[in-house]
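Any value given below was found using the heavy atoms of this structure, including those in side chains, with hydrogens, waters and symmetry copies removed. Keep in mind it's a predicted model, so treat the numbers as computed, not measured.
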Amino acid sequence: LAVAAIAVLIVADAKVDKLIPLYAIGVFTSFTLSQAGMAKHHLTHREPHWRVGFAINAIGAFLSLVVDIIIAITKFTHGAWFIIVMVPVMVFLLVRLNRQYEEELEELKEDAPNAAQAPILRRHVVIVLIDQLDIAAARAIQYARTFTPDDVRAVHFDLDPVKTEDLIAAWRNLGFSRLPLDIVECPDRRIPRAAAEVVATTLADGETEVSVLIPQRQYKHVWHRLLHDRTANSIVQALALLPHSNVTIVPYHLGRRGEAPAAQEHTPAPRPKRNGGNGRRRGAPSTAVLEAEAIPAVLLPANRTPIAQASYRSTAVIAGRVREVRVQPHGGVASLECTVVDETGGMLLVFLGRRSIAGIAVGSRVIAEGMVGEDRGRLAILNPTYRLL
């Protein structure tokens, strides 16, 4: 808007008499449309006293239209022509854009129930596309193992025999012998077609779901990106057309050397603390919890228990902000779960048999009291008494 306004001022030489036609055409066109829309509303709904409203709005639409036509004719060569031409063009583009959004939304909604209820196929195969054995490929392989699939394998398309031999040697030297490396010929160098053939062959039995992982290097600067091709995007487009084929880009952000050493990135998280000898886990503070918005001290109850100090099989009064909300089945019954955080940790509140509670939402501040138990390895209060702040 600022750029457009500056351009209009420059073209009009900042003279008000040249700018008035632009303003007047837009204003009276809006008046005409709004008054005509209200008149149509009265005719359609025929609410009490609709005739009076219809007369007022119809007269307003007519008078605004008359003024609009007069300005368009008398000021056409003084700049009004620009608005007369541009408004229909802009309206057409906006209507077309809105239609595109509606078509996309309809397409996404159309098969959602069928997709959600589709039976799970018998086998799951994960394929990692490997160009060269580097840290980006290694992370993709590590990620593939977390799927616990029926079969996981790496695939390399043979475009350069020398590069392929180097990859095989590196694969053997780095101890990836337990993960098969498939070398696939690609004489025409059309990698998307070759990838589609590999996936289609795996899908041929009709009982297999395939996940394809593509390591992709992410570059900090635009000029770095211009130096590399977009083969990964072409592969995604080719594989997206195959049923039961799922493609995931596994990014590696270049330029992070020295910021986060690999040894630190893969350090396992500390095991949860346990409360005494009963073997029950305690609430553990996290970075996200420490960023939780604090509740003013004047609103806190005198007997409040910091979440990190709550112990298993003890009554606790906690106060904090709702950070997560979900509906989770408990014993076949849908139940509302919410995670409440304070400055020390997080606690799970479970409301059995309830899908929603008025006022309980992400960001709500609550005070809850009840017996601390356990739910799926986490400390939790089942059916607490609560008060919204």
Side-chain angles (χ1 to χ4, degrees), residues 123-205 208-221 223-242 244-266:
R123 296 181 68 246
H124 181 207
V125 175
V126 177
I127 298 174
V128 185
L129 301 185
I130 301 294
D131 179 47
Q132 60 186 6
L133 193 53
D134 52 17
I135 187 171
R139 289 191 173 183
I141 293 171
Q142 181 190 34
Y143 179 51
R145 288 171 172 167
T146 66
F147 283 72
T148 60
D150 298 290
D151 183 22
V152 56
R153 62 179 185 266
V155 172
H156 173 74
F157 298 107
D158 185 13
L159 306 180
D160 182 349
V162 175
K163 186 176 181 179
T164 300
E165 290 298 327
D166 292 341
L167 174 61
I168 294 174
W171 196 267
R172 186 183 308 110
N173 294 335
L174 291 179
F176 284 103
S177 57
R178 288 182 294 179
L179 179 65
L181 174 63
D182 296 350
I183 306 299
V184 179
E185 66 173 354
C186 187
D188 57 4
R189 306 182 68 85
R190 294 167 58 192
I191 295 179
R193 179 200 58 78
E197 285 187 355
V198 170
V199 175
T201 302
T202 309
L203 294 170
D205 60 1
T208 302
E209 189 88 17
V210 175
S211 296
V212 180
L213 305 186
I214 305 177
Q216 188 177 62
R217 306 174 188 89
Q218 302 290 334
Y219 304 93
K220 296 178 64 175
H221 303 292
W223 54 87
H224 292 164
R225 301 171 195 167
L226 296 177
L227 299 177
H228 301 272
D229 60 23
R230 297 291 183 269
T231 305
N233 298 335
S234 302
I235 296 174
V236 171
Q237 294 177 3
L239 300 184
L241 302 177
L242 299 175
H244 300 289
S245 171
N246 313 281
V247 186
T248 300
I249 298 292
V250 184
Y252 175 76
H253 297 272
L254 288 167
R256 300 192 309 173
R257 178 178 295 177
E259 297 179 5
Q264 295 182 7
E265 291 180 2
H266 295 284

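One distance of note links CZ of Phe157 with NZ of Lys163; it measures 13.0 Å at 0.5 Å rounding. One distance of note links CG of Leu239 with CG of Asn246; it measures 10.0 Å at 0.5 Å rounding. Atom CD1 in Ile214 sits 8.5 Å away from atom OG1 in Thr248 (nearest 0.5 Å). Rounding to the nearest 0.5 Å places CG of Leu181 at 4.0 Å from CD1 of Ile183. Separating the CG atom in Leu133 from the CD1 atom in Ile141 is a distance of 6.0 Å, to the nearest 0.5 Å. Taking CD of Gln132 as the reference point, atom CG of Asp166 lies at 10.0 Å (rounded to 0.5 Å).
Between Asp150 and Arg123, none of the side-chain N atoms (NZ, or NE/NH1/NH2) sits under 4.0 Å from a carboxylate O, so this pair counts as no salt bridge.
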Between Gln216 and Val250, is the side-chain contact (heavy atoms from CB on, under 4.5 Å) condition met? List the steps. CA-CA 6 Å; Gln216 188 177 62; Val250 184; over 6 Å; no
I would like to know whether Val212 and Leu129 meet side-chain contact (heavy atoms from CB on, under 4.5 Å); could you show each step before the answer? CA-CA 7 Å; Val212 180; Leu129 301 185; 3.9 Å; yes
Apply the test side-chain contact (heavy atoms from CB on, under 4.5 Å) to residues Thr202 and Arg153: give CA-CA distance (whole Å), side-chain angles for both, the deciding distance (0.1 Å), then the verdict. CA-CA 12 Å; Thr202 309; Arg153 62 179 185 266; 2.8 Å; yes
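Scanning both residues, Cys186 and Ala194, for their nearest heavy atoms gives SG-CB, 3.9 Å. Closest approach of Ala137 to Pro215, counting heavy atoms only: CA-CG, 3.9 Å. When every heavy atom of Ala196 is checked against every heavy atom of Leu242, the shortest pair comes out as O-CD1, 3.8 Å. Among all heavy-atom pairs drawn from Trp171 and Pro180, the shortest one is CZ2-O, 4.3 Å.
Looking at Tyr143 and Val128, their side chains never come closer than 4.5 Å, going by heavy atoms from C-beta outward. In this structure, the side chains of Asn233 and Ile235 stay at 4.5 Å or more apart for every pair of heavy atoms. Looking at heavy atoms from C-beta onward, Val126 lies in side-chain contact with Leu213 at the 4.5 angstrom threshold. Val125 places none of its side-chain heavy atoms less than 4.5 Å from the side chain of Pro149. In this structure, Ile127 and Ser211 have side chains that are not in contact, with every pair of non-hydrogen atoms separated by 4.5 Å or more.
With sequence neighbours excluded, the residues forming a salt bridge (Lys or Arg N to Asp or Glu O under 4.0 Å) with Asp188 are Arg190, Arg193, listed by chain and number.
Side-chain contact check for Thr208 and His124: no donor-acceptor pair (N or O, by modelled atom type) lies under 3.5 Å. With no hydrogens or angles considered, a side-chain donor-acceptor pair links Glu209 and His244 at under 3.5 Å.
Put simply, the side chain of Ser245 never gets that close to the backbone of Leu241: no donor and acceptor are under 3.5 Å apart.
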